[in-house]
Amino acid sequence: MADFDLPELKEYTEPPRLVEGAMGHLRTYPAAPAHQEALGFPGELVEGWHDKAIEKFDELLGQSRSLRVYLDACVRCGACTDKCHYFLGTGDPKNMPVARQDLMRKVYRRHFTLAGKWFPWLVGAADLTEEVLDDWYNYFHQCSQCRRCSVYCPYGIDTAEISMAAREIMDHIGKGQKYCNEIIAKVHKIGNNLGLQEPALANTLEGLEEDIEEETGVKVRLPLDEKGAEVMLVAPSADFFAEPHVDGLIGYAKVFHQAGVSWTISSYASEAANFAMFIGSYEQMHEVAQRIRKAALDLGIKRIVVGECGHAWRVAYSFWNTLAGPFDFLDPNYPVPQHVCEFTYEQIQKGALKLDKSANDHMTLTFHDSCNVARASRMGDRPGGQFEIPRAILKACCNNFVDMPADTIRDATFCCGGGGGLLTDDLLELRVKGAQPRMQALKQVADEHGVTHMASICAICKSQFTKVMPDYGFDMDSVVSLHQLVSNAIVLDGQAEAAAGPEEETEETAAAGQAGP
Ligand code: SF4
Ligand code: SF4
C-alpha cells in the first residue's frame with residue numbers, strides 16, 4: 001500500500017481542496033551525465049545555464065509558431081483549471097494546467113515581450129531564477145502531456161507542447177530526466193526500451209509459439225527478421241515479456257495467422273515506443289523513427305503495423321511521414337502506417353475471423369481510451385475511428401461491455417496517470433494520485449454495472465494500471481489488452497476445441513462489421 005494519503009474515490013468528479021505546494025517535494029531522478037551525454041546533451045548543469053536556456057527558448061519560439069501563440073493567447077478564463085487529473089488527484093494549484101503554463105509564460109513575458117521587459121511587475125513576468133528552474137523541473141515532470149486540458153480551453157492551448165518545450169530547454173542546459181533519457185539511449189544502442197537483445201527476443205517468441213500450440217493445437221508463428229514478409233509489426237517491447245501485454249501479442253499473432261498474412265518482427269527496430277516525444281526533441285524522435293524505416297527497407301516488407309502503444313501510435317500517425325518518410329516503398333493500398341486495431345477490424349469486417357464471444361463471458365468489460373490515441377491521432381477513414389474501432393473489436397469479442405461515464409471517455413478521457421515519461425517508481429505518489437479520476441469512473445461502472453475488467457490499447461496505461469489499481473481496491477489483473485480478448489475469442493482453423501459454431505460466428509462477425517465507424 002501507498003505510504004502517502006490516497007485521494008478518495010467519490011461519486012462524481014469535484015474540484016479538490018487546494019493544498020499549496022502539495023507536490024513540491026516530488027522530484028523525478030535527474031539524468032546522470034552518461035545518460036545525458038549519450039543523447040548529445042550536456043552531462044550536468046552548464047555554466048551560464050540561464051543565458052543558454054533563454055537562447056534555446058528563443059530558438060524554439062522561432063521554430064514553433066504554436067508555442068508562441070499558446071504563451072500569448074491565454075485569457076485566464078479558468079476553464080482548464082479542474083481538468084487535469086494531477087490537479088484533481090493532488091490539489092496542488094501548480095498542477096492546474098494554466099498554472100503549469102504560467103511557469104513558462106512568466107519567463108516568456110520577461111524575455112520575449114516588450115511589456116515584460118519594461119514593466120515585469122505589471123504583466124506577471126519573471127526571470128528564470130534557480131527557484132523557477134526547480135519549479136520547471138518538478139512540475140513539467142508532473143504533466144503527462146495528455147492534452148485533456150486543451151480540449152476544454154476555448155483557445156485550444158496545448159499544455160503538452162509547453163511541457164515538451166520546457167523539457168527540451170532543460171535537457172539543453174544539462175537538467176534532463178533519468179527515466180526518459182536512459183531509455184532513449186537504450187533504443188539507439190539496442191533497438192528497444194528494455195535493452196532486450198536479439199537472442200533473448202528470439203527465445204521469447206519461440207516460447208510463445210510453443211504456448212499457443214499447447215493451448216490450441218495450432219502452429220502459429222511469431223517470426224523474427226523474416227525477409228520478404230508482407231507485414232512488419234512494430235510493437236511496444238512490453239509486449240515481449242509482461243502481463244497483460246504479452247497476451248495482446250499472442251492475439252496479434254493469431255489474427256495474422258488466421259488472416260493468412262505473412263509477418264515479422266524486426267530485432268533491429270523491436271520497439272514502437274518513442275520516448276523522444278516526451279522530452280520534446282525532434283532530433284531524438286527522428287533518430288528513433290529512422291530505425292523503423294531502415295528495418296522496413298532491409299526486410300523488404302510491404303506494410304507496417306503498429307501494436308498497442310498509445311504514444312507510439314501518435315508518433316507513427318502524426319510524425320512518421322516527416323521523421324522517416326516518404327514511405328513510397330510500402331503498399332499504397334493500405335494505410336501507412338496501420339494500427340493493429342485497424343488490421344483486426346478489417347479482418348472482422350471481411351468475415352475472416354471466427355470469434356466466440358462466450359470465451360470472455362467471465363468478464364464484464366469497459367474500455368479505457370488512451371490519451372495519445374484519443375486526442376492526438378485517428379484510426380480508419382472516419383472522424384472518431386480511434387474511439388469506434390477498438391470498441392467494435394471489443395463488442396465482436398465479448399458479450400458484456402459497458403462504457404464509463406461520458407465525461408471520462410473518448411476525447412474527454414482521463415490519463416492513466418503514468419504517461420508522458422512519468423511511468424517511473426520515483427514518481428509513484430504522483431502516479432497513484434493522478435490515477436484517481438480514472439479509478440473513480442471505473443468504480444462507478446463496477447458498482448452500477450458489475451464491470452470486472454478494463455481493456456486498453458496502450459502499453460504505458462497497462463503497466464500503470466497494473467501497478468496502481470491495487471491501491472484503489474481493484475486486482476492488478478483487472479486491466480487487459482484488447483487483443484488479449486481477441487486471442488481468447490478467436491477460433492483458429494484446426495483448433496482442437498473450437499467453442500462456437502460457424503453459423504453463430506458468422507452473425508457476430510456481420511454485427512461487428514456493422515458496428516464500426
Ligand atoms: S496535458 Fe494533461 S497532464 Fe498536462 S496539464 Fe494538461 S491535463 Fe494536465
Ligand atoms: S482554458 Fe485556456 S484560456 Fe482559459 S485559463 Fe486555461 S489555458 Fe488559459
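For ligands, and for the atoms within them, numbers begin at 1 and follow the listed sequence.
Heavy atoms from other residues, nucleotides or ligands lying under 6.0 Å from OH of Y282 number 12 at most.
For the pair L6 and V432, the tightest heavy-atom approach, listed with the atom from each and the gap, is CD2-CG1, 3.2 Å.
Every pair passing salt bridge (Lys or Arg N to Asp or Glu O under 4.0 Å) that includes a residue from residues 364-379 is listed here, sequence neighbours excluded: D369-R391. For residues 128-142, the set of pairs meeting the salt bridge (Lys or Arg N to Asp or Glu O under 4.0 Å) definition, not counting sequence neighbours, comprises R27-D134, K94-D135, D134-K175.
Atom 4 (Fe) of ligand 2 has its closest protein heavy atom at C77 SG, 2.3 Å. When hydrogens are left out, the protein atom nearest atom 3 (S) of ligand 2 is V75 N, 3.5 Å; that is the closest non-hydrogen contact. The nearest protein atom to atom 8 (Fe) of ligand 2, hydrogens excluded, is given as C74 SG, 2.4 Å; this is a heavy-atom distance. Protein heavy atom nearest atom 2 (Fe) of ligand 2, with residue, atom name and distance: C153 SG, 2.3 Å.
Heavy atoms of G156 stay at 4.0 angstrom or farther from ligand 2. Residue contacts with ligand 1 include H85, since one of its heavy atoms falls under 4.0 Å from the ligand.
The pair K443-D447 meets the salt-bridge criterion, since a charged nitrogen lies less than 4.0 angstrom from a carboxylate oxygen. Ion pairing of R291 with E271 is absent here, as no side-chain N (NZ or NE/NH1/NH2) approaches a carboxylate O to less than 4.0 Å.
Take a cut-off of 2.8 Å around atom 6 (Fe) of ligand 1: the protein N, O or S atoms inside it are C149 SG.
Close contacts of ligand 2 with P154, meaning ligand atoms under 4.0 Å from a residue heavy atom, involve 1 (S). Interface atoms of ligand 2 facing Q101, defined by a heavy-atom separation under 4.0 Å, are 7 (S).
Two residues are said to be in side-chain contact when any heavy atoms from C-beta on lie closer than 4.5 Å; V187 and N192 fail this criterion. Side-chain atoms of L103 and V132, non-hydrogen and from C-beta on, never get closer than 4.5 Å to each other.
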Original post:
Do K433 and E429 pass the salt bridge (Lys or Arg N to Asp or Glu O under 4.0 Å) test, and can you show the C-alpha distance, the side-chain angles, and the key distance before you say yes or no?
Top reply: CA-CA 6 Å; K433 291 181 173 176; E429 179 179 352; 2.8 Å; yes
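With sequence neighbours excluded, the residues satisfying side-chain hydrogen bond (donor to acceptor under 3.5 Å, both in side chains) with R148 are Y152.
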